[in-house]
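Notes to accompany the following structure.
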Amino acid sequence: MMPLAAERLLRGEVAEAPSPRMCAAIAAIGAAVAGMALGGASGEWRLAIYAAIKVPLLLAMATALCLPSFFVVNTILGLRDDFPAAVRALLAAQAVLGIGLAAQAPVSVFLSASIADPYALTLLDAVLFATATWAGHQVLTRHYRLLIARDARHRFALRGWLVLYAFAGVQMAWTLRPFRGTAGFAVQFLRPEALEQNAYVVLFEHVTRLLR
Amino acid sequence: MEVDRDPSLLHTLDRVLRGTFLQNESLARGQIDAPVRRLVALGLLLGAVYGLALGCFAAFRGADQALLQVLASAAKVPLLFLLTLVVTFPSLYVFAALQRLPLDFGSTLRLLLIAILVNLAVIASLGPVFAFFAASTKSYAFMLLLNVAFFALGGVLGFMVLRRATRSMFANLPTVTVVPGTTVATNPDAAAEATAPPLPSPNRAAQFAANDQARRVLRTWCLVYGVVGAQMGWLLRPFLGSPDLPFTLFRPREDNFFLGVMRALRQLFAG
């Protein structure tokens, strides 16, 4: 049932997309598999479980945070009647993101087994996440092509969604660290400083340190 | 005339966001049939929602008297919009009437209330994102700038609604008989002529000129509104509550909004 639905998501046309509930389930399971691969790399079973919870949580919470404004913007643009279709498009994209993450889990395990440098691993994790996001984006555009053909203002709504989702998603990912666990650190669900650091501020600090 | 019979506030909000109050037919008559009291109530409510999200920063950072700060923020956001409107509305009305914007006093007020409500709905819907960042960020400068960005975003969308309304106001505007020396904003015959056949070209040209001028007035007003709003926000500080400072309802007056934003940027980038 689920593999068939996943196949339909990847190949199928928009009209054949599985139900929203199925999409959400696929996204959650795919993300959990990816999380398990990340956390399991430390050899600590608790981290594998934590990460298997946290990656789906990351996707779900980032989506939930951004949905209210997506709804308001769609309504203001006069696209309210298409809102269910737009949400279906987002869910299908999330499901494909999950599938992409799960499909890359073996790569992630292979990388963990062959690379020791934690910074290189973090960077490669980001690359894997980015490619899975790209896969999700393909399906999102496939859905949105129809919507944009119906009303060009959908393009604006989509761009707004992408910017806000990425903005909140990056901070959410930063808050939910560690996904991989670092040798020498205690096994924890969240870092003690989880609710202190802002990803963008940290990034600014790194960049300014580089330029100094 | 369509009367809003459904008493629920949400229904009114829905109609504001969908733009049903600003449909061409009623705009061309120079009328906007929106319930003012309900618009104001909705504005207070939505402003309070975003104010709560703002107050989250004080609550999560354990600032001095965090609960008071949350309540103060929830009260201050609606106040900010209300006061800015009070300060800027009279001058807008005078200049719009001078440019023969085809809206009477009440309808101009309703149009602006609707645009402000759109602005407030946008920032209220961004409230969860703000609250999440407030929960996970220590940097005061970052939160301050995020707040400014969200307000700006809401302002831009509110402005879009206003612009769309002025455009459709002139799109099917009937002949306006211009009497020199008067500043009558509406034409009593407008409703009767609304279904008249296409206008002859000289009138069309005059209409385009009027359209252009009225839009310029609205654009200028939006700029003034934005600047006054920003400075009003500065006057009503603190909204976030700096974690290092004790709670006060209002801060003493010092420099201005733009200097404040520059300072926050410097703090963020230079550490």
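Just so we're on the same page: letters track the sequence lines, and every chain starts at 1.
Closest approach of R164(B) and L77(A) over heavy atoms only: NH2-CA, 4.0 Å. Heavy-atom minimum distance, V72(A) versus S125(B): CG2-CB, 3.6 Å. Heavy atoms only, all atoms of each residue included: S136(B) and T175(A) are closest at CB-OG1, 3.5 Å. Between L65(A) and V129(B) the shortest heavy-atom distance is O-CG2, 3.4 Å.
Note that the OG1 atom of T137(B) and the CH2 atom of W174(A) stand 11.5 Å from one another [nearest 0.5 Å]. Taking CG of L17(B) as the reference point, atom CZ of R80(A) lies at 7.5 Å (rounded to 0.5 Å). Between N74(A) atom CG and R18(B) atom CZ the span is 11.5 Å, to the nearest 0.5 Å. How far CG of L268(B) is from OH of Y200(A): 12.5 Å, rounded to the nearest 0.5 Å. Taken from CZ in F132(B) to SG in C66(A), the straight-line distance is 9.5 Å, to the nearest 0.5 Å.
Enclosure of atom CE in M262(B) is not indicated, since only 12 or fewer non-hydrogen atoms of other residues, nucleotides or ligands lie within 6.0 angstrom.
Heavy atoms of Q197(A) lying under 4.5 Å from chain B belong exclusively to its backbone. Residue Y165(A): no heavy atom, backbone or side chain, is found under 4.5 Å from chain B. If you measure heavy-atom distances from F133(B) to chain A, the contacts under 4.5 Å come from the side chain alone. Looking at V122(B), both its backbone and its side chain come within 4.5 Å of chain A, counting heavy atoms on both sides. For M160(B), the part lying under 4.5 angstrom from a heavy atom of chain A is the side chain only. Neither the backbone nor the side chain of F70(A) comes within contact range of chain B, judged by heavy atoms closer than 4.5 Å. Heavy-atom distances place the side chain of L146(B), and not its backbone, under 4.5 Å from chain A.
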Which atom pairs, one a donor and one an acceptor, fall under 3.5 Å between side chains of residues 54-64 of chain A and the rest of the protein, sequence neighbours left out?
residue : atom : partner : partner atom : Å
K54(A)  : NZ   : L176(A) : O            : 2.8
K54(A)  : NZ   : P178(A) : O            : 2.7
K54(A)  : NZ   : F189(A) : O            : 2.5
T63(A)  : OG1  : L59(A)  : O            : 2.7
T63(A)  : OG1  : Q94(A)  : NE2          : 3.4

